[in-house]
*Asks:* 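Submitted below is the structure of interest, expressed as structure tokens.
Residue indices begin at 1 and follow the sequence shown. Note that ligands are numbered from 1 as they come in the structure, with each ligand's atoms numbered from 1 the same way.
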Amino acid sequence: MPSRRGRTVHKTCNLCEACCGLLIDVEDDRVVRIRADEDDLLSRGHVCPKAMALTELHQDPDRLRRPMRREGDRWKELSWEEALSEAAERLSAIQERDGSDAVGMYLGNPGAHNFGTVATIAPLRRALASRNQYTASSCDQNPKHAASLYLFGNVFKIAVPDLDRTDFFLVVGANPVVSNGSLMTAPGIRRRLRALKERGGTLVVVDPRRTATAALADRHHFVRPGSDALLLASLLQVIFSNGLGSATHLEPFVDGRRELERLVLAFAPEAVEERVGIPATEIRALARDFASARSAVCYGRVGTALHPFATLTNWLVDVLNLVTGNLDRPGGALHARPAVDLAELTERMPDSGEREWKTRVRGAPAFNGEQPAACLAEEIATPGPGQMRGLLTIAGNPVLSTPNGGQLDRALEGLEFYVAVDIYCNETTRHADLILPPTSTLESDNYEIVFHQFAVHNSAKFSPAVLEPEAGALAEWEILSELALRIAERKASGLGRQALRGLRRARPFFAPRRVLDWMLRIGPYGDAFRPWRSGLRLSRLLSEPSGVDLGPLVPTLASWLSERGLRIDLAHPIPVAELVRLAGELNAPLPTGLMLIGRRDSRTNNSWFHNLPSSVKGRDRCTLLMHPDDAKDRGLLHGDPVQIRSRVGAVEVRLEITDEVMPGVVSLPHGWGHGRPGTRLRVARAHAHASLNDLTDELEIEPVVGNAILNGVPVEVARAAADV
Ligand SMILES: Nc1nc2c(c(=O)[nH]1)N[C@H]1C(S)=C(S)[C@@H](COP(=O)(O)OP(=O)(O)OC[C@H]3O[C@@H](n4cnc5c(=O)[nH]c(N)nc54)[C@H](O)[C@@H]3O)O[C@H]1N2
Ligand SMILES: Nc1nc2c(c(=O)[nH]1)N[C@H]1C(S)=C(S)[C@@H](COP(=O)(O)OP(=O)(O)OC[C@H]3O[C@@H](n4cnc5c(=O)[nH]c(N)nc54)[C@H](O)[C@@H]3O)O[C@H]1N2
Ligand code: SF4
Ligand SMILES: [Mo]
């Protein structure tokens with residue numbers, strides 16, 4: 001029990017998308033215990049081992065607490081004023097000299113989990129006004145945003161599986177038991193999947209690896225990496241040609257069904273079975289079972305996003321739900337109705353200009369105002385107008401997380417000036433001239449603005465900082481808004497400059513709590529600034545620390561479409577062109593050789609959790625998984641050190657032989673490779689291992705949105721010359 005000077009604070013864990021509710025006991029400004037909040041509306045007592053590591057993270061001696069400047073090989077602390085003014089001045093000076101595009105920005109994954117960052121990133125982008133915008137989304141969910149844009153008219157209008165009510169859950173390329181769910185905030189996946197079974201429901205998993213999720217499934221189909229679009233098109237073919245579809249209340253909004261029916265004729269199960277790796281009879285059975293279930297939902301995640309037909313695949317997932325009558329209905333796929341609705345909010349924002357163009361060097365597509373991360377290195381290294389000479393990274397580690405990280409690593413050395421807003425000096429940020437570290441997550445307020453959008457139950461929860469920030473520390477939003485205002489000030493003249501200076505002084509007025517209150521008030525449950533009305537405001541969230549219940553997911557799509565005069569076009573030219581390209585693939589030679597895919601581990605988080613002893617202890621996790629037949633063909637034994645070679649590089653790891661992966665497929669987790677010199681990660685360096693993204697190919701991108709193709713990478717594997 002907390003002592004007299006102790007207290008218990010509610011917090012939402014913001015390490016992953018599950019958004020679990022924690023109760024944190026604090027004594028004398030020290031965390032003494034972290035446990036699950038049994039009353040949390042979403043998580044109902046679920047937590048994973050990572051939440052327990054929050055204290056370790058907070059206390060990690062390598063976590064940066066003061067701004068640092070690199071002077072040769074050494075780092076020196078400097079004051080916030082010096083750091084912020086130098087950052088803003090030097091970035092703006094490069095832009096003044098070489099144009100706006102000469103400074104780029106990369107935003108990484110923890111940015112989406114930080115309310116302060118989400119609230120301040122738009123003004124910072126606007127102040128920089130550069131086309132060189134990058135985020136981890138182009139190595140992740142951009143194909144889902146594109147599919148939602150083409151179907152429902154908004155990148156944030158992403159349909160969520162109604163996991164707790166469905167009768168048939170078809171999981172394609174996701175491993176929520178380990179990842180804790182993505183674009184599906186549903187903490188406690190194991191429990192929810194058990195409940196599905198108990199109500200007589202069915203779980204089917206399609207994955208080249210028998211994952212922890214697949215192990216719980218009624219059926220698991222091995223699938224050849226990158227072939228999901230063929231599988232989904234084939235399911236549609238069976239459904240259309242056997243009249244298995246169901247009419248829905250969305251019918252009045254749907255166009256192009258005939259054309260889609262015609263296009264998928266090419267993908268009969270017999271035509272795709274060899275490429276997909278699932279027998280035609282099983283594809284037919286899956287189509288029938290899915291279509292005849294009382295309710296069913298198909299859900300695809302990272303495994304559907306990192307291959308050559310990623311946008312089409314994500315589009316087909318929603319289309320399958322639609323044509324079987326499962327879109328916008330309980331038990332199927334529904335859109336959440338969060339208290340701050342990003343889809344509605346983006347409609348209210350002034351348009352920030354061009355959303356799509358081609359990149360300078362390669363002519364790759366930009367999507368949703370950002371360029372593919374796969375192009376980052378070449379945009380830095382290739383001379384000419386628009387070459388990136390300055391860089392700002394925020395909560396990102398692209399050297400380990402983007403394709404051909406080794407090449408990016410070298411390119412970063414050539415930058416004239418680089419500022420990192422990050423808590424660690426890691427493989428990427430070691431190249432920075434300045435590192436600006438924000439307060440730790442325990443010292444920050446939190447509202448999961450992004451992930452309420454994808455939650456399986458509508459709710460709203462605010463959690464205040466657990467600990468007082470250390471003296472002199474700045475929150476992420478303070479750093480970013482300071483940079484935005486200082487850069488904008490340098491660019492403005494006369495009155496504009498004065499106004500910006502005034503805004504800078506009034507910065508507390510734009511603190512995230514205040515911004516959140518505004519957003520709640522103009523949101524779907526708010527009072528629209530009419531105080532005589534009752535409506536959701538921050539004060540209510542503060543008084544209900546385990547979350548405000550806003551009810552189960554309900555159908556909203558028909559009204560969303562009709563209010564905006566939108567229609568669902570099943571013959572949308574972009575997916576249709578992709579279907580035609582896919583049909584062309586049916587005659588291409590079948591790939592031979594090994595294909596490399598990634599994987600995640602329940603104790604780690606992408607690249608940045610490996611400096612915490614609890615996440616690296618125990619057995620080696622960065623091993624190559626290989627099927628026994630493939631190992632035998634190569635004369636390899638379990639535990640052998642092996643070299644994996646691709647077009648772009650080679651790494652060495654230990655081999656694990658297992659029939660958990662299908663023949664022809666090998667698997668290595670991403671996020672490792674901490675042996676590079678000059679980082680300040682003592683624990684991670686001792687568990688360095690190798691980076692998967694030293695093998696992935698930056699030239700391989702998906703053509704619609706430019707997503708990196710990080711799965712299905714052709715590789716060769718042989719015994720390594722020396723031990724690893
Ligand atoms: N081969 C392969 N590559 C992949 C993937 C894959 O499946 N296979 N997955 C992809 C996916 S889904 C993603 S999302 C990306 C992730 O790509 P990134 O976002 O580039 O990488 P992370 O490893 O999440 O690195 C997060 C960074 O944020 C810092 N950080 C942590 N907390 C904070 C904070 O509160 N504030 C700030 N400012 N910094 C913080 C960490 O120190 C670290 O530098 O990786 C992608 N890369
Ligand atoms: N513990 C832990 N949790 C995490 C993270 C973490 O690093 N660690 N990362 C977080 C992030 S940033 C994200 S985006 C989410 C990701 O959440 P998920 O998508 O659920 O997680 P992944 O493990 O990437 O699952 C992708 C699955 O796709 C399979 N796969 C690979 N290629 C193909 C293919 O071509 N077709 C099919 N059908 N399957 C394929 C892989 O074997 C893998 O099982 O997890 C989040 N949660
Ligand atoms: S599942 Fe995710 S949100 Fe929940 S405790 Fe673990 S890391 Fe935190
Ligand atoms: Mo991600």
Side-chain angles (χ1 to χ4, degrees), residues 11-22 34-37 40 42-43 45-54 108-110 112-113 135-142 144 170-190 205-214 220-232 276-278 299-310 313 317 401 441 448 451 595-610 615 621 625 660-662 665 667 669-671 709-713:
K11 171 159 178 79
T12 304
C13 175
N14 68 340
L15 295 174
C16 88
E17 297 177 41
C19 304
C20 297
L22 310 177
I34 297 181
R35 65 210 145 98
D37 178 1
D40 185 273
L42 278 176
S43 61
H46 174 77
V47 284
C48 85
K50 280 187 289 178
M52 302 305 150
L54 280 171
N109 171 274
H113 294 269
T135 77
S137 302
S138 57
C139 296
D140 189 351
Q141 81 288 2
N142 270 347
K144 189 74 195 173
L170 172 58
V171 176
V172 182
N175 185 13
V177 166
V178 167
S179 69
N180 292 295
S182 180
L183 299 183
M184 175 180 71
T185 291
I189 294 282
R190 235 177 232 285
V205 173
V206 176
D207 197 302
R209 184 162 75 88
R210 193 171 56 250
T211 59
T213 308
H220 165 226
H221 298 284
F222 280 129
V223 67
R224 290 173 61 94
S227 68
D228 306 276
L230 289 171
L231 172 64
L232 290 159
V276 172
I278 304 177
Y299 162 71
R301 260 315 274 135
V302 165
T304 65
L306 306 179
H307 65 64
F309 288 93
T313 305
V317 163
S401 58
T441 171
E448 293 282 352
F451 300 106
M595 287 192 277
L596 176 64
I597 62 168
R599 69 176 185 272
R600 289 176 154 81
D601 181 86
S602 49
R603 278 211 249 147
T604 72
N605 205 8
N606 295 332
S607 77
W608 66 278
F609 235 56
H610 299 147
S615 66
R621 289 177 168 73
L625 306 183
E660 180 184 313
V661 284
M662 66 192 287
V665 172
S667 162
H670 78 283
I709 297 175
L710 302 173
N711 280 331
V713 178

*Asks:* Quick one: look up the protein heavy atom nearest atom 2 (C) of ligand 2 and list residue, atom name and how far away it is.
*Replies:*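 Answer, as residue, atom name and distance: T604 O, 3.1 Å.
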
*Asks:* From the options L231, L232, D228, N180, select the one whose nearest heavy atom is closest to atom 37 (C) of ligand 2.
*Replies:*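 Residue with the shortest heavy-atom distance to the ligand atom: D228.
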
*Asks:* Going by chain and residue number, what protein N/O/S atoms come nearer than 2.8 Å to atom 4 (Fe) of ligand 3?
*Replies:*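 Checking every protein N, O and S atom gives C20 SG.
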
*Asks:* So which bit of N605 gets within less than 4.0 Å of ligand 2, heavy atoms only: side chain, backbone, both or neither?
*Replies:*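 Contact part for N605 vs ligand 2: both backbone and side chain.
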
*Asks:* Against heavy atoms of A174, which atoms of ligand 2 measure under 4.0 Å?
*Replies:*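 Going through ligand 2 atom by atom, the ones under 4.0 Å from A174 are 19 (O), 20 (O), 25 (O), 26 (C), 27 (C), 28 (O).
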
*Asks:* P208: heavy atom below 4.0 Å from ligand 2, yes or no?
*Replies:*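 It does; at least one heavy atom falls under 4.0 Å.
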
*Asks:* Provide the number and element of each atom of ligand 2 under 4.0 Å from a heavy atom of P225.
*Replies:*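 Answer for ligand 2: 34 (C), 35 (O).
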
*Asks:* A side-chain contact here means heavy atoms from C-beta on lying under 4.5 Å apart; do H221 and L231 qualify?
*Replies:*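 Not touching, per the 4.5 Å side-chain cut-off.
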
*Asks:* Hey, is ligand 2 close enough to G598 that some N/O pair sits below 3.5 Å?
*Replies:*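 No: no nitrogen or oxygen of G598 is under 3.5 Å from one in ligand 2.
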
*Asks:* At a 4.0 Å threshold, what atoms of ligand 2 neighbour a non-hydrogen atom of G226?
*Replies:*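 This gives 34 (C), 35 (O) as the contact atoms.
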
*Asks:* Hey, which atoms in ligand 2 end up nearer than 4.0 Å to a heavy atom of D207?
*Replies:*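 Atoms satisfying the 4.0 Å criterion: 27 (C), 28 (O), 29 (C), 41 (C), 42 (O), 43 (C), 44 (O).
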
*Asks:* Test of understanding: given a 4.0 Å heavy-atom threshold, classify the contact between D140 and ligand 2 as side chain, backbone, both, or neither.
*Replies:*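 Near ligand 2, D140 shows its side chain, while the N, CA, C and O stay back.
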
*Asks:* State plainly whether the residues R209 and E660 are in salt-bridge range, i.e. N to O under 4.0 Å.
*Replies:*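 Salt bridge: yes.
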
*Asks:* So which bit of N175 gets within less than 4.0 Å of ligand 2, heavy atoms only: side chain, backbone, both or neither?
*Replies:*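 The answer is both, backbone and side chain.
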
*Asks:* For T304, does its backbone N or O pair with a side-chain atom of K144 as donor and acceptor, under 3.5 Å?
*Replies:*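 Side chain of K144 to backbone of T304, a donor-acceptor pair under 3.5 Å: no, none is there.
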
*Asks:* Using a strict cut-off of 4.0 Å, indicate which atoms of ligand 2 neighbour a heavy atom of V302.
*Replies:*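 What qualifies from ligand 2 is 14 (S), 16 (C), 19 (O), 24 (O).
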
*Asks:* Applying side-chain hydrogen bond (donor to acceptor under 3.5 Å, both in side chains), name anything that partners R224, two or more places apart in sequence or on another chain.
*Replies:*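 R224 satisfies side-chain hydrogen bond (donor to acceptor under 3.5 Å, both in side chains) with no residue once adjacent residues are dropped.
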
*Asks:* Is it the side chain (CB and beyond), the backbone, both or neither of R599 that lies under 4.0 Å from ligand 2, heavy atoms counted?
*Replies:*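 It is neither part, as no heavy atom is under 4.0 Å.
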
*Asks:* Can you list the atoms of ligand 2 that are under 4.0 Å from a heavy atom of T211?
*Replies:*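 Heavy-atom distances to T211 below 4.0 Å select 44 (O).
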
*Asks:* With heavy atoms under 4.0 Å as the rule, classify the contact between I597 and ligand 2 as side chain, backbone, both or neither.
*Replies:*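 Contact part for I597 vs ligand 2: side chain (C-beta onward).
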
*Asks:* Under 6.0 Å between the ring centres of F222 and H220?
*Replies:*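 When the ring centroids of F222 and H220 are compared, they turn out to be within the sub-6.0 Å range.
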
*Asks:* Using a 4.0 Å heavy-atom threshold (strictly under), name the region of S182 that reaches ligand 2: side chain, backbone, both or neither.
*Replies:*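 Within the 4.0 Å criterion, S182 contacts ligand 2 through side-chain atoms alone.
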
*Asks:* Which residue and atom name correspond to the protein heavy atom nearest atom 5 (C) of ligand 2, and how close is it?
*Replies:*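 Closest protein heavy atom to atom 5 (C) of ligand 2: R600 NE, 3.3 Å.
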
*Asks:* Would you mind checking which non-hydrogen protein atom is closest to atom 1 (N) of ligand 2, with the distance to 0.1 Å?
*Replies:*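 Protein heavy atom at minimum distance: D601 O, 2.7 Å.
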
*Asks:* With heavy atoms of V172 as the reference, note each atom of ligand 2 found under 4.0 Å away.
*Replies:*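 Result: 38 (N).
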
*Asks:* Any heavy atom of H670 sitting closer than 4.0 Å to ligand 2?
*Replies:*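 It does not, in that no heavy atom of H670 comes within the 4.0 Å cut-off of ligand 2.
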
*Asks:* Could you work out, for atom 21 (O) of ligand 2, the closest of G671, S179, C139 by heavy-atom distance?
*Replies:*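 Comparing heavy atoms across G671, S179, C139, the nearest one to atom 21 (O) of ligand 2 lies in S179.
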
*Asks:* Using distance alone, decide if ligand 2 has a nitrogen or oxygen within less than 3.5 Å of any nitrogen or oxygen in R209.
*Replies:*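 No; every N/O pair is 3.5 Å or more apart.
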
